[in-house]
Amino acid sequence: MPTDTPAVAGRNLSWQTRAACRGNDLGVFFAPDAERGNARARREAQARQICLPCPVLEQCRDHALTMGEPYGVWGGMTETDRRRHTKRLRGGERRPVGSQTLHRPRDLRQTPHATTEPVDR
């Protein structure tokens, strides 16, 4: 989430000025107290839709993972996504974040198209 802070712990955060979320309602990215179930899923899906085309998605995600951001949607990753990612890393798994399709809602993922060519049997 963009802030006017130019650096945190020696890190340059100028990428935040180009973030797609800049100027959006922060309530989309951070859960209100006691939010659960379908309401949370809808809000997180809306946040991910904003993150999907963001030109600084990777920098945002890297920031959240490096800084251990405990709350909100950052770089298309929810709090749960980041916890799971960190747990996998601690368990020795080295799968890149992008391979988890964390920031891409199910309906926007590319699916293989069926072939229209006849199959000889």
Is any side-chain heavy atom of His85 closer than 4.5 Å to a side-chain heavy atom of Asp81? no
How many angstroms lie between atom SG of Cys51 and atom CE of Met77, to the nearest 0.5 angstrom? 11.0 Å
I'd like to know if the side chain of Arg82 reaches the main chain of Glu69, judged simply by a donor and an acceptor atom lying under 3.5 Å from each other, with no hydrogens or angles considered. yes
Could you label the plane-to-plane angle of the Trp74 and His63 rings as parallel, tilted or perpendicular, counting under 30° as parallel and over 60° as perpendicular? tilted
Heavy atoms, side chains only, cut-off 4.5 Å: are Thr78 and Arg40 in contact? no
Rounded at 0.5 Å granularity, tell me how far CZ in Phe29 sits from CD in Gln46. 8.0 Å
Any chance CD of Glu58 has more than 12 other-residue heavy atoms, nucleotides or ligands included, within less than 6.0 Å? no
Please step through side chain to side chain donor-acceptor pair (under 3.5 Å) for the pair Arg83 and Thr80, ending with a clear verdict. CA-CA 5 Å; Arg83 278 193 303 272; Thr80 302; 3.2 Å; yes
Could you state the interatomic distance from CZ (Arg18) to SG (Cys54), rounded to the nearest 0.5 Å? 8.5 Å
To the nearest 0.5 Å, tell me how far Phe30 CZ sits from Glu35 CD. 12.5 Å
Working to the nearest 0.5 Å, report the span between CZ of Arg48 and CG of Leu57. 10.5 Å
